[in-house]
Amino acid sequence: MEFMEALNELAAKIGIGRIVPDGTGSVTLLFDGKTEVSFTPDADESVVYLQSEIADASSLGDGDCRSLMEASLSDTDGAAFAIGRETGKLILWKRFGEFPSCAALETAINEFLGEIARWQERLDGGLAGGAADDSASQNAGTFNFIQV
């Protein structure tokens with residue numbers, strides 16, 4: 001199933017109507033009135049990138065940056081961190097292959113939103129000097145933000 005087809009099927013199920021990508025091919029949706037997630041497929045929609053700004057990178061100390069880099073290896077459930085060149089925001093992003101169904105897309109979004117929530121909580125609690133929080137990877141997929 002092509003990404004935009006799956007996304008529009010999901011949009012219809014949750015009552016937001018047809019979704020049209022912007023000029024770059026991306027779609028950005030707001031969840032719970034506070035969490036923006038951008039969906040960017042490659043040209044043939046065989047790969048889709050989900051990303052969300054989760055913090056202001058300028059508020060991170062050297063220890064925080066090291067903790068995030070270490071966490072990228074094992075605590076992100078396959079996601080990674082970046083810093084937006086234009087925005088200076090810390091971004092959590094994840095690469096997905098094709099979605100075989102609308103249900104698979106729904107699951108991926110829910111898991112990614114859960115990952116965002118866990119990392120925002122960890123960032124609010126301070127990262128530097130702390131041991132990795134195993135619950136970030138152990139609780140993956142336990143959130144149901146989208147329910148259809």
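Quick caveat: nothing in here was measured; it's all calculated off a predicted structure. Just so you know, residue 1 is the first one in the sequence shown, and it goes up from there.
Between Arg118 and Glu115 there is a salt bridge, since at least one side-chain N of the basic residue sits less than 4.0 Å from a carboxylate O of the acidic one.
Pairs of residues two or more places apart, or lying in two chains, that qualify as ring pair (Phe, Tyr, Trp, His ring centres under 6.0 Å) and include a residue from residues 53-82 are Phe81-Trp119.
For the pair Thr35/Leu30, no side-chain contact is recorded, criterion being any heavy-atom separation below 4.5 Å from C-beta on.
Closest approach of Ile19 to Asn8, counting heavy atoms only: N-OD1, 2.5 Å. The two residues Cys102 and Ala6 come nearest to each other via the heavy atoms SG-O, 3.9 Å.
With values rounded to the nearest 0.5 angstrom, Leu7 atom CG is found 12.0 Å from Glu106 atom CD. Rounding to the nearest 0.5 angstrom, the gap separating the OG atom in Ser52 from the CG atom in Leu29 is 11.5 Å. Atom CD of residue Glu53 and atom OG of residue Ser38 lie 8.0 Å apart, to the nearest 0.5 angstrom. Note that the CD atom of Glu70 and the SG atom of Cys65 stand 11.5 Å from one another [nearest 0.5 Å]. Separation of atoms CZ (Phe3) and OH (Tyr49) is listed at 13.0 Å; rounding is to 0.5 Å. Between the CG atom in Leu50 and the CZ atom in Phe39 there is a gap of 4.5 Å [rounded to 0.5 Å].
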Evaluate Ile83 against Leu60 for side-chain contact (heavy atoms from CB on, under 4.5 Å), listing each step before the verdict. CA-CA 11 Å; Ile83 296 177; Leu60 300 172; 5.5 Å; no

Check the pair Leu90, Asp56 against side-chain contact (heavy atoms from CB on, under 4.5 Å), reporting the backbone distance first and the verdict last. CA-CA 6 Å; Leu90 178 65; Asp56 185 351; over 6 Å; no

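For Glu2, the salt bridge (Lys or Arg N to Asp or Glu O under 4.0 Å) test picks out no residue, with sequence neighbours left out. A search for side-chain contact (heavy atoms from CB on, under 4.5 Å) contacts involving Asp22 returns Thr24, Ser26, not counting sequence neighbours.
Gln51 pairs with exactly one of Val37, Thr40, Ile91, Ile116 by the side-chain contact (heavy atoms from CB on, under 4.5 Å) rule, that one being Ile91.
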